[in-house]
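A quick write-up on the structure given underneath.
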Amino acid sequence: MDQSNPTFLSRMLRIRFVVFIFLWMIPLINANSADGARVALKINRLENAVSPTAVSHMDGEKSVHKIQRSVHSHTLHMNPIGFLRLYQITGDESLLRKVHPRADKKTNSHTSPHATMQSVDLDDVRWTNGFWADQFDLCHNTMIPNLWRIFSDPKISHAYTNFRIAAGLEEGNHHGPKFNDGDFYKWLEAAAFTYAISKDAKLDRLMDQIIDVIARSQRDDGYLHTPVLIVQKHGNENIRELQNQLHFETYNIGHLLTTACIHHRATGKTSLLAVAIKAAEYLIHVCEHSPMELARITICPSHYMGIIDLYRVTHDQRYLELAKTLIDIRALNPTGTDHNQDRIAFREQTTAVGHAVRANYLYAGAADVYLETGDSTLLNTLEQIWRDVVYRKMYVTGATGALYDGASPDGSRNHSEIQLVHQAYGRPYQLPNITAYNETCATIGNALLNWRMLQITGEARFADVLELALYNGILAGISLDGKQFFYTNPLRTVKNLPFDLRWSRERKPYISSFCCPPNVVRAIAEVSRYAYSVSENSVCINLFGSNELDTRLPDGSHITLRQKTDYPWNGHVTIEVQSVEKPDFAMNVRIPEWANNVKIQLNRQNIDALCKPGSYFSLQKSWTQGDTVEINFPMPATLIQAHPLIEELRNQVAVKRGPLVYCLESTDLPDSIEIDQVMIPRDIQFHSQFESDVLGGIVTLKGTALAMEKPDWTNHLYRELQSSTGRPISIQLIPYYAYGNRDASEMSVWMPLR
């Protein structure tokens with residue numbers, strides 16, 4: 001290399017300057033914490049003298065190594081930000097572990113003291129074939145690359161470009177919604193989880209590239225929100241942080257924290273974890289000095305979950321205290337509303353109100369705090385809210401958030417306090433079909449809550465709702481090819497409505513509010529994390545699908561299981577013990593609430609015991625390699641009726657088979673018949689058949705229904721009842737999640753009962 005090159009000489013002078021200053025600082029580093037804070041400031045100034053790129057350049061390797069040797073030869077008592085600054089200069093990841101020496105790659109709720117069930121690690125479950133294996137492969141090979149194409153194209157999303165502008169790598173202005181940062185983090189989380197299982201080196205390199213840009217975007221104090229950072233970079237100091245609730249700053253930071261923890265656990269790297277720790281330090285500072293301000297701007301609080309994720313990885317008690325405080329300070333907001341679930345203190349709430357995504361994220365975050373603290377007041381609130389949702393406000397698909405616009409506190413005698421509520425939980429039993437909002441993100445939030453409630457209690461009712469949401473409300477949000485998306489998920493679509501709807505009833509490749517697409521992709525990527533749980537002397541099978549489990553029980557003993565099944569198309573499940581280190585444990589198999597007359601065999605011998613629907617069936621024995629458990633869940637198609645207070649569903653039925661909700665599409669009707677004419681006989685018999693060439697391979701339900709005469713409603717709102725016996729027609733039902741993947745058609749989950 002030409003050492004006479006001016007660029008080379010300049011680089012070497014800068015590196016030598018860094019080494020000199022660092023060696024000069026060593027005595028200060030060994031001083032007290034106050035001196036440590038001053039050291040952090042000095043290190044911060046070094047960042048202006050030499051860039052990470054220059055230091056990491058091969059020409060500077062000797063100087064970097066000299067810095068690293070100096071670090072390791074002294075006992076450092078630097079504050080966390082000081083270590084973070086030095087890590088950014090040197091790239092030495094061991095420095096980050098000095099911030100949090102107990103940073104744990106293999107953790108989620110493993111150490112949560114109030115978890116009845118503990119989660120397994122990211123890569124402990126691998127889908128081998130069948131339904132969820134196909135979904136995961138599609139996620140890996142299509143969904144994730146497709147979203148990266150969208151996020152990295154400034155003509156479409158501008159999300160990644162916003163980070164590049166904030167990092168000083170490009171010129172320009174911020175474009176897109178204020179919550180775009182968080183949506184980009186959700187995609188990155190999906191990529192990290194997928195890497196944990198696939199070990200896709202190309203994906204790993206892409207994440208490294210992106211994380212470098214994100215880290216360069218972050219302000220020195222840990223603040224990271226591109227809409228504000230870009231404006232400030234342009235010299236407008238009138239735009240400050242935490243001024244507008246609808247800027248979604250804490251929402252964005254929350255998804256950053258969770259993504260960083262997943263990335264760390266998946267790769268062992270601390271590059272994004274360093275960014276998350278700085279962001280958490282920023283939140284701690286704000287919470288200590290401006291709690292009212294933080295309470296006022298909190299919206300869609302993903303940061304409750306994110307802070308607990310960071311606590312579980314770092315074991316830093318300050319993060320747990322922060323999460324507890326964040327829930328408490330919600331009551332400080334003098335302008336709180338039901339829309340944001342902060343009109344009254346969280347522990348005083350008994351029903352689900354307001355914006356359903358914000359609500360479900362709040363509930364999931366509170367459940368995380370309970371898992372770490374055992375605060376019974378949180379669990380009491382969550383139990384009451386869960387019952388309100390599941391028994392009075394949840395759709396048959398597991399979706400929540402029925403209304404485009406509602407009002408709350410609904411029915412208040414003080415009319416002045418009633419306010420508009422968007423994407424809302426409505427009144428009990430207020431569940432319209434055509435206008436159902438059911439934002440995909442709200443259903444994902446419902447799944448996140450139920451997963452945490454399952455860990456807390458070990459009760460199968462929460463796994464039932466989780467499964468319902470996964471197969472129906474969540475999967476419906478994305479097309480079968482993995483490239484088009486719903487924002488809302490109605491239970492009925494009708495052509496030529498006499499009124500407008502805010503969102504399309506056809507999936508679109510890009511939606512202006514792009515929060516749902518990356519959320520549904522990360523949900524699909526992470527289904528395997530819900531399949532099993534472990535406890536002291538047991539392994540719990542929560543979800544069914546062909547997979548392999550390779551994990552350890554809480555006592556450290558190793559176990560591997562293999563599950564084989566065509567679920568959800570077939571109810572036969574085989575679980576084989578492939579290896580076991582400590583033979584005496586219980587295998588707890590979930591019996592879904594829809595499953596009657598379940599039969600279980602152990603090593604081909606019938607077990608004469610009652611398998612109660614909606615519970616876990618426990619098999620306790622001394623297990624050996626080759627032991628097999630076979631479960632047969634009968635899967636007849638059944639008619640479902642709704643509570644009589646759901647006025648839209650009086651005298652109507654839906655059809656369910658196993659965990660899947662079915663629907664009727666006009667595509668499958670004769671041209672002369674419309675969906676409104678179809679009535680379901682009370683004694684209808686459905687024939688189920690797997691058809692590999694229909695909608696990617698599904699079980700269809702075929703039966704004989706009645707087609708009623710189509711009345712003329714021109715200039716009529718009401719008319720005299722006309723008798724009609726109807727004529728028999730053949731109908732075909734498909735799983736709800738698969739609708740809308742053929743030509744544009746009408747669809748209905750609920751149909752009149754004859």
Side-chain angles (χ1 to χ4, degrees), residues 127 131-136 138-139 142-144 147 183 186-187 189-190 193-194 255 302 305 356-357 359-361 363-364 389-390 394-402 423 436-454 462-491 503 507 511 513-531 542-545 567-568 592 656 658-663 695-696 698 734-741 747 749:
W127 302 114
F131 187 89
W132 287 116
D134 292 343
Q135 293 292 331
F136 181 82
L138 185 67
C139 180
T142 300
M143 296 178 189
I144 288 174
L147 285 186
D183 298 337
K186 284 184 279 190
W187 170 81
E189 180 186 337
F193 199 101
T194 300
H255 281 296
S302 64
M305 292 179 279
V357 183
N360 292 348
Y361 271 39
Y363 306 150
V389 172
V390 175
M394 186 178 74
Y395 281 87
V396 71
T397 58
T400 61
Q423 301 187 26
Y437 208 104
N438 288 349
E439 185 187 344
T440 307
C441 285
T443 309
I444 292 169
N446 193 27
L448 294 175
L449 168 62
N450 278 276
W451 168 239
R452 286 156 173 79
M453 294 297 284
L454 174 64
F462 301 110
D464 287 333
V465 177
L466 171 64
E467 180 182 64
L468 179 72
L470 286 171
Y471 277 106
N472 302 286
I474 293 175
L475 271 187
I478 191 167
S479 61
L480 295 179
D481 66 3
K483 295 182 178 181
Q484 300 191 71
F485 310 95
F486 279 142
Y487 182 74
T488 61
N489 295 274
L491 275 71
W503 297 96
R507 293 185 184 87
I511 307 168
S513 182
F514 207 62
C515 53
C516 296
N519 217 2
V520 72
V521 169
R522 75 162 178 152
I524 291 170
E526 298 178 4
V527 172
S528 60
R529 76 191 304 182
Y530 308 131
N542 304 321
L543 300 178
F544 305 103
Y567 195 95
K656 219 180 151 195
L660 295 174
V661 174
Y662 277 71
C663 68
L695 295 168
I698 60 171
I734 63 170
Y736 170 76
Y737 79 82
Y739 93 88
N741 281 279
M747 177 277 298
V749 169

[atom1]-[atom2] distance between [X] and [Y], expressed to the nearest 0.5 angstrom:
X: L480; Y: Y739; atom1: CG; atom2: OH; result: 12.0 Å
X: L660; Y: I734; atom1: CG; atom2: CD1; result: 11.5 Å
X: L449; Y: Y363; atom1: CG; atom2: OH; result: 9.0 Å
X: M143; Y: L138; atom1: CE; atom2: CG; result: 4.0 Å
X: N741; Y: I698; atom1: CG; atom2: CD1; result: 9.5 Å
X: E526; Y: T194; atom1: CD; atom2: OG1; result: 8.0 Å

Discussion item. Using a 6.0 Å cut-off, check whether atom NZ of K483 has over 12 heavy atoms from anything other than its own residue.
Written reply: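 It does not: K483 NZ has 12 such atoms or fewer within range.
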Worksheet entry | Verdict with supporting geometry, D481 and T142, side-chain contact (heavy atoms from CB on, under 4.5 Å) | CA-CA 8 Å; D481 66 3; T142 300; 6.0 Å; no
To check you understand the geometry: which heavy-atom pair defines the closest contact between [X] and [Y], and what is its length?
X: S528; Y: F193; answer: OG-CE2, 3.6 Å
X: F485; Y: L147; answer: CZ-CD2, 3.9 Å
X: C441; Y: Y361; answer: O-CE1, 4.4 Å
X: L543; Y: Y530; answer: CD1-CB, 3.7 Å
X: P518; Y: K186; answer: CB-CB, 4.0 Å
X: T443; Y: I474; answer: CG2-CG1, 3.7 Å

Could you check whether any side-chain N or O of [X] sits under 3.5 Å from a backbone N or O of [Y], counting only pairs where one atom can act as donor and the other as acceptor?
X: N489; Y: N438; answer: yes
X: N446; Y: I444; answer: no
X: N519; Y: C515; answer: no
X: N472; Y: V661; answer: yes

Worksheet item: Partners of Y437 by side-chain contact (heavy atoms from CB on, under 4.5 Å), sequence neighbours excluded?
Response: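 Y437: side-chain contact (heavy atoms from CB on, under 4.5 Å) contacts with Y404, H422, Q423, E439, Y487, T488, W503.
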Discussion item. Can you list everything that forms a side-chain contact (heavy atoms from CB on, under 4.5 Å) with A442? Sequence neighbours excluded, please.
Written reply: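 Residues passing side-chain contact (heavy atoms from CB on, under 4.5 Å) with A442: A356, V357, N360, T400.
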Practice prompt. Look at the aromatic rings of Y737 and F131 and report parallel, tilted or perpendicular, splitting at 30° and 60°.
Written response: perpendicular
Within the 4.5 Å heavy-atom criterion, are [X] and [Y] side-chain neighbours or not?
X: C139; Y: I144; answer: yes
X: Y471; Y: P568; answer: yes
X: F544; Y: P592; answer: yes

Item to complete: Please list, chain by chain and in numerical order, all residues satisfying side-chain hydrogen bond (donor to acceptor under 3.5 Å, both in side chains) with W187, sequence neighbours excluded.
Response: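 With sequence neighbours excluded, W187 shows a side-chain hydrogen bond (donor to acceptor under 3.5 Å, both in side chains) to no residue whatsoever.
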Practice prompt. Evaluate the criterion side-chain contact (heavy atoms from CB on, under 4.5 Å) for residue pair V527 and F136; output intermediate values, then yes/no.
Written response: CA-CA 9 Å; V527 172; F136 181 82; over 6 Å; no
Item to complete: Give the intermediate values and the outcome of side-chain contact (heavy atoms from CB on, under 4.5 Å) for residues L468 and M394.
Response: CA-CA 11 Å; L468 179 72; M394 186 178 74; 4.0 Å; yes
Discussion item. Under a plain distance cut-off of 3.5 Å, with no hydrogens placed, do W132 and Y567 share a side-chain donor-acceptor pair?
Written reply: no
Worksheet item: Would W451 and N542 satisfy side-chain contact (heavy atoms from CB on, under 4.5 Å), going step by step from the backbone distance to the final call?
Response: CA-CA 10 Å; W451 168 239; N542 304 321; 3.9 Å; yes
